[in-house]
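In what follows, a single structure is set out as structure tokens and then discussed.
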Amino acid sequence: MATAGKVIKCRAAVAWEPNAPLMMEEIEVAPPQEGEIRIKVVATGVCHTDLYHLFEGKDKRGFPTVLGHEGAGVVESVGPGVTDFKPGDKVIPLFLSQCGECKFCKCPKTNLCDCSWSSKYYDIMSDPTTRFTCHGRPILQFMGTSTFSEYTVINQIAVAKIHDDAPLDRVCLLGCGISTGYGAAVNTAGVTPGSVCAVFGLGAVGLAAVMGCKNAGASRIFAVDINEQKFEKAKVFGATDFLNPKAYNKPISEVLAELTNGGVDFSLECVGNTEVSRAALESCIKGWGVSVLVGYTDVDFSARPIQLISGKTWKGTLLGGFKIKDSLPKLVNDYMTGKIMLDEFITHKMDLEQINDAVNLMKTGQCIRCILNISK
């Protein structure tokens with residue numbers, strides 16, 4: 001392409017400081033260096049983790065930054081040493097890398113990678129090394145991706161090549177939320193046929209967890225949320241029972257225990273709230289119940305040790321436990337063959353210039369997923 005090897009000037013939504021509106025700016029995107037790929041971003045979702053960093057993280061060292069980590073696009077150019085990608089390839093940038101060489105990548109028990117930005121910089125959610133500048137200042141690349149920009153530069157170990165016919169404005173959702181919730185059920189929890197499950201929180205991640213429970217063969221799936229307007233959508237993904245904790249004068253764990261003869265086999269917390277996490281654990285049956293922390297947060301939490309001594313398992317998941325560079329092309333194919341749903345998650349579509357409207361929709365719980373059209 002004519003832009004290969006040159007600095008590209010393009011539009012991006014820059015978060016200059018915490019708890020402030022994003023600003024549309026012209027940024028400079030440097031050419032890819034050794035092992036890197038420059039991607040023209042076509043579409044991206046807006047995820048709660050973007051909002052967490054902007055409104056709840058508040059670590060000023062993580063700013064200024066370009067948010068966005070649930071995107072898809074086309075390779076514009078590649079740096080030296082890149083042989084598995086070429087200009088024109090459809091790709092999904094990944095916030096979790098897979099180098100294939102570290103002890104984590106070689107271990108089948110985890111999808112962590114020592115080369116990921118999160119190994120050293122999870123507190124600021126960015127690697128200090130960046131290919132972005134704006135008004136003469138370096139701009140961080142949030143979670144190594146920054147999909148709220150027309151172009152981004154990412155190391156090849158954090159990019160997945162996907163099917164040439166994949167619709168980028170839908171499969172972009174597999175870059176985070178849908179893979180996270182779906183994998184939490186089928187991988188991390190290991191939901192079994194005939195089991196009883198409860199999913200706490202019916203945002204995109206929770207609905208994907210419901211879908212995972214259904215595809216794994218669960219016989220009963222409780223959808224738990226304080227917003228009853230989400231119950232109809234949960235039914236689409238396979239939920240069988242619906243509970244609003246505020247409708248009861250007792251803990252929701254007691255309600256579930258009464259409805260299931262002791263508790264559910266699997267519970268998945270998809271909110272990122274420590275009180276909900278504890279409720280999800282307490283909703284599991286003793287002896288073999290498994291509860292998974294799916295929603296992202298980074299604050300202290302607690303539970304009574306007897307919950308675990310009695311035989312319950314409490315575990316967490318990152319990106320649904322998928323070794324994502326290897327798994328994402330298959331997930332795309334699963335969507336294209338009808339095994340998993342994506343279209344049903346999308347409630348709004350907007351242009352990049354409407355980013356603050358999209359953020360507000362997410363913040364107020366008025367949408368499941370908003371897709372931003374990034375490049376014309």
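What you see is a predicted model, and the numbers here were worked out from it, not measured in a lab.
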Would you indicate whether the side-chain heavy atoms of [Y] and [X] approach each other to under 4.5 Å?
X: Val46; Y: Phe148; value: yes
X: Ser149; Y: Ile374; value: no
X: Thr133; Y: Ile139; value: no
X: Leu328; Y: Phe322; value: no
X: Phe200; Y: Ser267; value: yes
X: Cys113; Y: Phe104; value: no
X: Met211; Y: Leu207; value: no
X: Ile340; Y: Asn215; value: yes

Does [X] belong to the same Ile/Leu/Val/Met/Phe/Trp/Tyr cluster as [Y], with side-chain heavy atoms less than 4.5 Å apart forming each link?
X: Val66; Y: Met24; result: yes
X: Val42; Y: Met336; result: yes
X: Leu54; Y: Leu372; result: yes
X: Phe63; Y: Phe55; result: yes
X: Val205; Y: Val292; result: yes

ring-ring contact (aromatic ring centres under 6.0 Å, His included) partners for Phe132, two or more places apart: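 Counting only residues at least two positions away or on another chain, Phe132 forms no ring-ring contact (aromatic ring centres under 6.0 Å, His included).
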Under 3.5 Å, side-chain donor or acceptor atoms of residues 173-181 against the rest of the protein: list the pairs with distances, not counting sequence neighbours.
| unit_1 | atom_1 | unit_2 | atom_2 | d |
| --- | --- | --- | --- | --- |
| Ser179 | OG | Leu174 | O | 2.6 |
| Thr180 | OG1 | Cys176 | O | 2.8 |

Enter the distance from [X]:[atom1] to [Y]:[atom2] here, rounded to the nearest 0.5 Å.
X: Leu112; Y: Gln98; atom1: CG; atom2: CD; value: 11.5 Å
X: Arg170; Y: Glu344; atom1: CZ; atom2: CD; value: 10.5 Å
X: Glu254; Y: Glu258; atom1: CD; atom2: CD; value: 7.0 Å
X: Ser126; Y: Leu67; atom1: OG; atom2: CG; value: 8.5 Å
X: Ile92; Y: Thr145; atom1: CD1; atom2: OG1; value: 12.0 Å
X: Ile226; Y: Lys246; atom1: CD1; atom2: NZ; value: 4.5 Å

Test salt bridge (charged side-chain N to carboxylate O under 4.0 Å, His left out) applied to [X] - qualifying residues, sequence neighbours left out:
X: Asp89; result: Lys86, Lys161
X: Asp357; result: none
X: Glu70; result: Arg369
X: Lys286; result: none

Strictly distance-based, threshold 3.5 Å: is any side-chain N or O of [X] a donor or acceptor partner for the main-chain N or O of [Y]?
X: Lys325; Y: Gln156; value: yes
X: Lys90; Y: Asp164; value: yes
X: Glu282; Y: Ala279; value: no
X: Ser219; Y: Ser195; value: yes

Hey, which of Val264, Thr192, Thr313 is the one that makes side chain to side chain contact (heavy atoms under 4.5 Å, CB included) with Val290?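 The side chain to side chain contact (heavy atoms under 4.5 Å, CB included) with Val290 is passed solely by Thr313 among Val264, Thr192, Thr313.
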Is it the case that atom [atom1] in [X] sees more than 12 heavy atoms from other parts of the structure closer than 6.0 Å?
X: Lys233; atom1: NZ; answer: yes
X: Leu259; atom1: CG; answer: yes
X: Met350; atom1: CE; answer: yes
X: Asn261; atom1: CG; answer: no

Exercise: do [X] and [Y] side chains pair donor with acceptor under 3.5 Å:
X: Tyr182; Y: Asn187; value: no
X: Asp343; Y: Tyr335; value: yes
X: Asp50; Y: His69; value: yes
X: Thr317; Y: Thr188; value: yes
X: Asn155; Y: Glu36; value: no
X: Glu25; Y: His135; value: yes

Please write out which residues are connected to Leu293 in a hydrophobic cluster, directly or through intermediates, given that two of Ile, Leu, Val, Met, Phe, Trp, Tyr count as joined at side-chain heavy-atom separations below 4.5 angstrom. Leu281, Phe301, Leu308, Trp314
Could you please spell out the steps behind the salt bridge (Lys or Arg N to Asp or Glu O under 4.0 Å) verdict for Lys349 and Asp169? CA-CA 9 Å; Lys349 292 186 177 182; Asp169 61 348; 3.8 Å; yes
Would you mind listing every salt bridge (charged side-chain N to carboxylate O under 4.0 Å, His left out) that reaches into residues 300-317, with sequence neighbours excluded?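 Listed by first then second residue: nothing to list.
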Residue pairs meeting salt bridge (charged side-chain N to carboxylate O under 4.0 Å, His left out), one or both in residues 264-275, sequence neighbours left out, come to none
Starting from the C-alpha separation in whole Å, work towards a yes-or-no answer on side-chain hydrogen bond (donor to acceptor under 3.5 Å, both in side chains) for Ser253 and Ser283. CA-CA 4 Å; Ser253 57; Ser283 298; 4.9 Å; no
Taking the six-membered ring for Trp, are Phe345 and Phe237 closer than 6.0 Å centroid to centroid? yes
Answer with yes or no after comparing the ring centroid distance for His48 and Tyr296 against a 6.0 Å cut-off, counting only values under it.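 That pair fails the under 6.0 Å test.
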In chain order, what residues pass the side-chain hydrogen bond (donor to acceptor under 3.5 Å, both in side chains) check against Arg61, with sequence neighbours excluded? Asp59, Asp123
Who are the side-chain hydrogen bond (donor to acceptor under 3.5 Å, both in side chains) partners of Thr152, not counting sequence neighbours?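 Thr152: side-chain hydrogen bond (donor to acceptor under 3.5 Å, both in side chains) contacts with Gln141.
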Go through the structure and list residues passing side chain to side chain contact (heavy atoms under 4.5 Å, CB included) with Asp84, not counting sequence neighbours. none
Closest non-hydrogen atom pair between Gly144 and Ile154, with its separation: O-CG1, 3.6 Å
Should Val29 and Cys10 be marked as a side chain to side chain contact (heavy atoms under 4.5 Å, CB included) after you check the CA-CA gap, both sets of side-chain angles, and the distance that decides it? CA-CA 8 Å; Val29 182; Cys10 70; 3.8 Å; yes
Does the pair Arg38/Glu76 count as a salt bridge with the N-to-O cut at 4.0 Å?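 The answer is yes: the pair qualifies as a salt bridge.
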Pairing of Arg220 and Asp241 as salt bridge, 4.0 angstrom limit: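 Result for this pair is yes, salt bridge flagged.
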